[in-house]
Colleague: 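Supplied in C-alpha cells, the structure appears directly below.
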Amino acid sequence: MNRTLEHILPRVQKPARYTGGEYNAVVKDRSQVDLRVALCFPDTYEIGMSNLGIRILYGVMNEMPGVWCERVFAPWGDMEEQMRQEGIPLYGLESGDSIADFDVIGFSLGYEMAYTNVLNMLDLAGLPLRSEDRSSLSPLVIAGGTCAFNPEPLAPFVDIFSLGEGEDVTVELLELCRKAKDECWSKEELLIAAAQIPGLYVPSLYEVEYHPDGTIRSITPTHGAPAVVTKRIVQDLDKAYFPTKTIAPSTEIVHDRVMLEVFRGCIRGCRFCQAGYAYRPVRPKSPEVLIRQGIESCQNSGYQEMTLSSLSTSDYRRLLDLCDGLQEWCDPNGVSLSLPSLRADNFSWGLMERLQHGRKSGLTFAPEAGTQRLRDVINKNVTEEDILNFCRTAFSGGWSTVKLYFMLGLPTETDEDVLGIADLADKVYRVWREVTPNRSRGVKITVSTAFFVPKPHTAFQWEGQISRQEYERRVKLLRDHMRGRSTAYHWHEADTSVLEAVLARGDRRLADLLECVWRKGAKLDTWNEYFSYERWAQAMEECGIDPDFYACRVRSRDEILPWSVTSTGVSPAFLWRERERAYQGVITPDCRVQCTGCGADKLYPGGRCDAEC
Amino acid sequence: MTNHRLAFSKSDTAKFISHLDLMRTFQRAFLRAGIAIKHTEGFNPHAFVSLPLPLPVGFSSSCEVLDFQLVGPDALEDVPARMNAVLPAGIQVHRCYEALRPVKELAYVNYIVTLEYEAGAPFGADTAIRELLSRESLVMDKRSKKAKGGFTQVDLIPLIARASIEERRDTVALDLILQAQNPGLNPELILAAIRRELPDAAPDFATFHRRSLLDRSLQLWE
C-alpha cells in the first residue's frame, strides 16, 4: 500500500472505502495487461458499489484477457482535501495507480446531480476537463448510463458516450482502443472510427447551431458520423454475463445484498417514466437461470439477503415460480428475499404469503397521482380500487407500514388532483381500520411527493416544469389537508428538482455552467452536506443561463431537441402520440394487451418483443 | 458445547476495516467457506462471532482472536485454509483451536508503536519519552460516551506494565505492554501524551501494531 495513502487514511472518515483489497476484487499482474480501464462512479463508494451496472461492467471487462478494469469512486470531502494536500491523484482501488495513466476512463451516469462529480474526478485525476484539451490517445474519457440519453451538457468533457446496455459495446470499444494503441492512431482517428460502432456517440463530431431565440437550428454530423445514434441492447439475458462472483465490500454499502435482475424493460407505458421508455423492449430471464444465479451469488458473497430487481417486478410472468424456487434454497440457508417495485394491480395473496417468509419491512407503492383522471393522463393504469385492495391485502396480512409515492406538478394537474392525494391517504387509513387484525398496534402511512421533472425520451419531453413557487404552493395545499396522526407527509425540496429539470433537457451550452459551478466548489451535489442552490444560482447568472428556458419552457413539436441525436429505439412520433393521448386523458394499454408500435421491437432482430403475446 | 477460536492477523489494506465491519466480514466469510457456525436466536438470526478485544481502525495486528462455535462436522485444522481462501486481502487466519482460556484472563497487550520523523528522530527523544512514561502519574483526557462533556480523565501510568524505547535513525520505536481491559489503554493516548508534554518529540506520523496478547503473568494468552 502506498505510504502517503497510509499516512492520510487514519485522518479520514470510513477509510475502508479507499483501500480496495475486498474479497473478489480483481488484481492482475501489470506485466500481463495491455489495457488499463478506470470504471468511475461519480458518487461515493457506498452508492457506487450498490450499482448493479458497475458490477456487471467490471466483470465483463475483467473477463477480457489483457484488460484490467479497476473501480474509482468520488472521495468524500475530507479525503479529497487530504489527497489534494498530499498530492495524491485519483487512483484505481485495485492497484493504487493514478488513473491519468490508464487507457480508458469510463463514467457511469445515473443522475444529473452527479455531473459536477464527473468534473471533480477528472480534475482530481490531474486531467484537463475538456476533451479538446486532452489531445493524446489515452486516457480516453467515455460515459454511459441513463443520463447518456441526453449527453449534451457533458458533451465537451466526454470523448465518447455509450448508449444503452454496455455488455457488448464496451468490449467492442476496448478492442478498438487496443487496435488504436497498437497501431499508434491519433485520438481523432480513434474517435472517427468509434463513431462507426453502433451505440457510440462521439459529440465532437457534431456541429450544433442555434436560432436567435436560443433553440437549436441544426445538429450536423461530420466525418461520417451517423445522424442518429441508436442504443444497444443485449438480446438474450439468459446468456448475458451476470456477476455471480462479485466483490464483497469490507464495509457497509447502501444496498448490501445480492441483487438479482429478473428482466429489463417494462411493459407499462407510464408517460413520465424515462426508464420505462429507455430500457425497452422487455427481455426476461428464465426462472431456472435466475434461481441458479441467485444461489451462486449468495454462496460466493456470504450475503444473507437477496432482492429481485427490475422496473416492475410483479409484471414478471413466472414470479411465483421464481419465488418458490429461490425460497426452497433461501429458507433453509437463512437468506431472506425481498421484492421491491410491486404494482398495486397485480399484488396477490400468493405473492404476499411468500413475502411473509422474510422480515416484514414496509410495503411501498407509487400511485404517482391522487385522482383517476390524472393517473389516466400519465398512463399509470392503476385504479383507486387496485390501490385499496393492495392495502387491504397487506393490512390483513399483518403489515402496518405503507409508503405511498406521488409526484406534484404533472401535466394538467389541478388543485383537485393535489387534494386527491390527501383523500387517498385517508381512504387507505380507513381500509386499515376496517381490516387490521390488531388495531392497537397502529398503522403508519407515509405519503411522499416529488417535484415532477420532465425527462428526455418520454411522452412529456416537450412539457414545461411548473415554477418553484407553484410547486411550493401545491405542497402547502396538500400539507394543510393531510389528516390524521397516522399519516406522515414528506416532500422533496424544490432546489435539486429545478436543477435536474435544467440539466436533464439541457444542451451543450450548459457545459460552461457545469464548469463554472464546479470552479465555485460544487461537488457531491446529491448530498445535503455539500449542495448549495445559491452556488448554482450564481453560476447561472454569471454564465447568462436562464433556468426557465430549460426547465419551464414548453417545446413545440418541430423544435430540434438536444438529445434528438440519440435514440432509445422508441420513436419520437410514438412519444408525441402518447403526449396527445395524455391531454385527452386516454390510457394506452400495456404491451401485453396490445402492441402500441413504439418501435423498440426493431432493436430485436429475428425475435419479436417479449411484451406482446 | 465447546467454543472455538481463530487466531488471525490484520495488516495492509485490512487495517482500515472497522470493528463492526470486521464482524460482518467474518460472518459472511464463514458462509462463503461453507463452514456451519452457531447462529443467534431470534427473529433475525445471524452468525454468532465475537471479537473480544476490538482493534482500533488503522492498527495492524498479528495476534487477533475471534470466538465462534463450529456446529458442523468441519475439522478444526481445515478451517484456516478454507477461511483464508475467502477473506479479503490483509486478513490471514493462522490457527483454529478450542477456546480453553477465558477472555477474562487476557490481561495485557503488547504494542509496537513506531514514531516516524521525516527529518530524522530528534536528539534525546527516546530519553524524554522514557522519562515521561516513568512519571508518578500522567493524566490525560479520554473520550467517553458516558461522561458528561464527552471526556473523562485517566491516569496512564498504572495501566503501563512495561515500556522500552529505542531510537533509530528516522524513528523511535516504543515497545509497550499495556493493560488490556477494564480499563484497557489505547496506545494512541500515549502518543497524545507525547504530543502534549514533549512537543519537540512529536512525530510526523505514527504506526500502531498489536504484537501479542498476554495474561496476568505476562505469558502468551491464546
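Letters A, B, ... mirror the listed sequences (proteins, then strands); counts begin at 1.
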Colleague: Within a reach of under 6.0 Å around OH of B:Tyr97, are more than 12 heavy atoms found that belong to other residues, nucleotides or ligands?
Modeller: yes
Colleague: Pick whichever of B:Gly90, B:Gly58, B:Ala33, B:Pro88 has the most heavy-atom pairs under 4.5 Å with chain A.
Modeller: B:Pro88
Colleague: Give the member of A:Ile247, A:Asp256, A:Asn300 that has the highest number of heavy-atom pairs under 4.5 Å with chain B.
Modeller: A:Asp256
Colleague: Tell me, yes or no, whether the heavy-atom count around A:Glu63 atom CD, taken from other residues, nucleotides or ligands under 6.0 Å, exceeds 12.
Modeller: yes
Colleague: Under 4.5 Å heavy-atom distance to chain A, tell me which part of B:Ala36 shows up: side chain, backbone, both or neither.
Modeller: neither
Colleague: Around atom CZ of B:Arg130, are there more than 12 heavy atoms from other residues, nucleotides or ligands closer than 6.0 Å?
Modeller: yes
Colleague: With a cut-off of 6.0 Å (strictly less than), are more than 12 heavy atoms of other residues, nucleotides or ligands near NZ of A:Lys403?
Modeller: no
Colleague: Taking atom types as modelled, is there a side-chain donor on B:Asp21 or A:Ser250 under 3.5 Å from an acceptor on the other?
Modeller: no
Colleague: Counting only non-hydrogen atoms closer than 4.5 Å, does B:Val86 touch chain A with its backbone (N, CA, C, O), its side chain (CB onward), both, or neither?
Modeller: both
Colleague: I need the residue from A:Ser301, A:Gly334, A:Pro249 with the largest number of non-hydrogen atom pairs under 4.5 Å to chain B.
Modeller: A:Ser301
Colleague: From A:Lys245 NZ over to B:Arg32 CZ, what is the distance, rounded to the nearest 0.5 angstrom?
Modeller: 9.0 Å
Colleague: If you round to the nearest 0.5 Å, how far is OG1 of A:Thr251 from CG of B:Leu20?
Modeller: 9.5 Å
Colleague: So does B:Glu41 have more than 12 non-hydrogen atoms from other groups sitting under 6.0 Å from CD?
Modeller: no
Colleague: So, taking the atom named CD in B:Glu116 and the one named CZ in A:Arg3, what distance separates them when rounded to the nearest 0.5 Å?
Modeller: 4.5 Å
Colleague: So which part of B:Ser18 gets closer than 4.5 Å to some heavy atom of chain A, the side chain, the backbone, both or neither?
Modeller: neither
Colleague: Can you establish whether the number of heavy atoms outside A:Glu328 located under 6.0 Å from its atom CD is more than 12?
Modeller: no
Colleague: Measure distances from A:Asn333 to the heavy atoms of chain B and classify the residue's part below 4.5 Å as side chain, backbone, both or neither.
Modeller: neither
Colleague: For chain B, which residues from residues 9-26 of chain A have at least one heavy atom closer than 4.5 Å to it?
Modeller: A:Leu9, A:Pro10, A:Pro15, A:Ala16, A:Thr19, A:Gly20, A:Gly21, A:Glu22, A:Tyr23
